[in-house]
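Here the structure is a predicted model, which means the values were calculated and not measured. Atom set for the values below is all heavy atoms of this structure, side chains included, hydrogens, waters and symmetry mates excluded.
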Amino acid sequence: MEINIDKGSGFCFGVINAIKVAEEQLEQHGKLFCLGDIVHNSKEVERLKAKGLIIINHQDFENLYNTRLLIRAHGEPPKTYSIARENQIQLIDASCPVVLKLQNKIKKSYEELSEFAGQVVIFGKEGHAEVNGLTGQTGNNAIVVGSGLENLDKIDFSKPITLFSQTTQNKEQYEDLIKLIKERMMQKNCNPDKKLQVSRSICGQVSNRGPHLAKFAKDHDLIIFVSGKKSSNGKYLFDICHQNNPNSRFISEKEELRNGWFDNVMKVGICGATSTPMWLMEEIAVEIRSY
Ligand code: SF4
């Protein structure tokens with residue numbers, strides 16, 4: 001049986017940077033607080049916790065004083081920065097530059113649109129850390145439309161709209177939403193060519209992996225896709241594998257592998273999300289080889 005690990009899978013540069021920063025801090029100080037899971041992968045989180053990383057939620061953060069805290073690649077809303085100032089917390093900011101750029105763009109758009117009673121709409125998962133950071137740029141006034149078209153009816157289609165996407169969303173679904181918004185605007189006699197601005201803000205680290213994974217999935221008899229269950233781009237990339245190879249399995253750890261999956265299989269492909277560590281995919285390859 002041939003086993004191949006996809007070389008294009010594994011951490012994106014935003015996550016690589018956040019982990020590098022965390023490890024440097026831990027080496028220097030032995031302990032570091034982090035606001036939320038540093039990466040949507042429990043195995044990697046456990047590894048860093050063993051080195052001294054302490055994961056806290058936003059409620060814990062409000063009661064934290066005089067210490068150092070890491071902001072992960074997802075970024076944070078302005079409120080987090082003001083609480084840190086009040087509580088004398090030194091922020092180690094590992095927000096991904098791509099996310100920071102998007103936050104700034106949204107902030108600017110919101111300020112400009114306010115003059116014309118326009119709306120900022122974000123295609124993303126409500127409550128997701130990155131989305132909270134993005135809506136925070138608009139005083140939480142942005143309308144978040146999910147993949148199930150949640151909140152779509154909150155948009156006033158007769159008024160100007162600027163549309164953004166969470167960086168890890170599904171590209172095809174975003175294009176469908178753009179089309180739908182244009183149709184609804186036309187129904188309200190609002191010209192989308194003039195009143196709709198679209199920012200194609202899905203990160204290249206996610207969208208470029210789609211076509212590559214589609215080919216990888218087709219080239220193998222069985223795909224073992226490794227990702228944390230909470231990862232948005234994990235779900236997106238797994239769907240691509242599954243569409244191109246129905247014999248695709250989603251697992252988070254080697255214990256979820258089943259012997260029966262490998263019957264009559266000649267070529268196994270192991271791949272994962274932007275939050276999947278390479279060491280975990282290698283560990284899974286070793287386990288499969290032992291069958
Ligand atoms: S997926 Fe893109 S935007 Fe998100 S953390 Fe990674 S590099 Fe940054």
Side-chain angles (χ1 to χ4, degrees), residues 2-20 37-44 72-75 94-102 122-125 128-131 134 146-147 164-178 199-253 267-285:
E2 186 181 325
I3 302 168
N4 300 313
I5 300 176
D6 174 35
K7 298 210 169 44
S9 287
F11 292 153
C12 61
F13 69 76
V15 172
I16 289 174
N17 177 58
I19 290 171
K20 185 172 153 265
D37 284 347
I38 187 166
V39 56
H40 290 316
N41 189 285
S42 56
K43 293 282 172 186
E44 182 66 4
R72 58 190 169 168
H74 288 318
S95 301
C96 172
V98 178
V99 174
L100 284 180
K101 205 168 151 203
L102 180 57
I122 297 170
F123 175 51
K125 196 170 163 201
H128 185 283
E130 182 193 319
V131 174
L134 301 179
S147 54
F164 297 91
S165 172
Q166 179 184 346
T167 59
T168 50
Q169 281 297 311
N170 179 310
K171 207 175 170 187
E172 290 74 34
Q173 285 178 352
Y174 191 40
E175 293 304 321
D176 289 347
L177 178 66
I178 295 165
S199 173
R200 296 237 163 22
S201 49
I202 294 174
C203 174
Q205 292 271 314
V206 178
S207 58
N208 293 342
R209 287 190 187 194
H212 168 77
L213 272 188
K215 191 176 174 302
F216 185 78
K218 278 186 192 146
D219 283 350
H220 291 84
D221 303 327
L222 168 67
I223 289 292
I224 301 294
F225 187 89
V226 189
S227 167
K229 307 270 189 285
K230 285 193 261 174
S231 164
S232 295
N233 86 87
K235 285 190 194 83
Y236 166 60
L237 294 173
F238 174 71
D239 283 348
I240 291 176
C241 287
H242 198 257
Q243 279 156 17
N244 288 279
N245 184 344
N247 197 19
S248 296
R249 305 281 183 172
F250 187 114
I251 64 165
S252 300
E253 53 190 2
K267 223 172 150 190
V268 183
I270 301 172
C271 50
T274 53
S275 50
T276 306
M278 190 49 82
W279 65 259
L280 184 58
M281 288 184 278
E282 279 161 2
E283 195 181 278
I284 283 164

> Between F250 and F238, what is the ring plane arrangement, given parallel below 30°, perpendicular above 60°, and tilted in between?
perpendicular
> Please determine whether a side-chain nitrogen of the Lys or Arg among D37 and K230 lies less than 4.0 Å from a carboxylate oxygen of the Asp or Glu.
yes
> Where do I202 and S207 come nearest, in terms of heavy atoms and distance?
CG2-CB, 4.0 Å
> For the side chain of S248 and the backbone of N245, is there at least one donor-acceptor N/O pair under 3.5 Å apart?
yes
> Which pair of heavy atoms, one from G272 and one from L237, lies closest together, and at what distance?
O-CD1, 4.1 Å
> If I take atom SG from residue C96 and atom NZ from residue K101, how far apart are they, to the nearest 0.5 angstrom?
11.0 Å
> Measuring from I240:CD1 to R209:CZ, what's the distance to the nearest 0.5 Å?
11.5 Å
> Let me confirm one number: the NE2-CD1 distance from H74 to I38, rounded to the nearest 0.5 Å.
10.0 Å
> Take a 6.0 Å sphere around NZ of K171 and say whether it holds more than 12 heavy atoms from other residues, nucleotides or ligands.
no
> Can you sort out the partners of D239 under salt bridge (charged side-chain N to carboxylate O under 4.0 Å, His left out), two or more places apart, ordered by chain and number?
none
> Looking only at heavy atoms, which two atoms of E44 and W279 are closest? And how far apart?
OE1-NE1, 2.7 Å
> Is there a side chain to side chain contact (heavy atoms under 4.5 Å, CB included) between E283 and M278 once you walk through the steps?
CA-CA 9 Å; E283 195 181 278; M278 190 49 82; over 6 Å; no
> Let's go through Q169 and S147 carefully: what are the C-alpha distance in whole Å and the side-chain angles of both, what is the deciding distance for side chain to side chain donor-acceptor pair (under 3.5 Å) to 0.1 Å, and is it a yes or a no?
CA-CA 9 Å; Q169 281 297 311; S147 54; 5.3 Å; no
> Enter the distance from R249:CZ to L222:CG here, rounded to the nearest 0.5 Å.
7.5 Å
> Whether E130 and R72 form a salt bridge (side-chain N of Lys/Arg under 4.0 Å from carboxylate O of Asp/Glu) is what I want to check.
no
> Which label fits H40 and H128: parallel for a plane angle under 30°, tilted from 30 to 60°, or perpendicular past 60°?
perpendicular
> Where the side chain of N208 meets the backbone of G204, is there a donor-acceptor pair that is under 3.5 Å apart?
yes
> Check each of T168, T276, T274 against N233 using the side-chain hydrogen bond (donor to acceptor under 3.5 Å, both in side chains) test, and report the only one that passes.
T274
> Looking at residues at least two apart in the chain, or sitting in another chain, which of them share a ring-ring contact (aromatic ring centres under 6.0 Å, His included) with H220?
F216
> Return the minimal non-hydrogen interatomic distance between E2 and N4, and the atom names on each side.
OE2-ND2, 2.9 Å
> When you measure from the side chain of S201 to the backbone of F164, do you find a donor-acceptor pair of N or O atoms at a distance under 3.5 Å?
no
> Might you point out which heavy atoms bring S165 and L102 nearest each other, and give the distance in Å?
O-CD2, 3.6 Å
> Between I5, I224, D6, which is the residue that forms a side-chain contact (heavy atoms from CB on, under 4.5 Å) with C271?
D6
> Is K20 atom NZ crowded by more than 12 heavy atoms from other residues, nucleotides or ligands, each under 6.0 Å away?
no
> So how far is it from I270 CD1 to L280 CG, rounded to the nearest 0.5 Å?
9.5 Å
> If I compare all heavy atoms of F225 with all of C241, which pair ends up nearest, and what's the gap?
CD1-SG, 3.9 Å
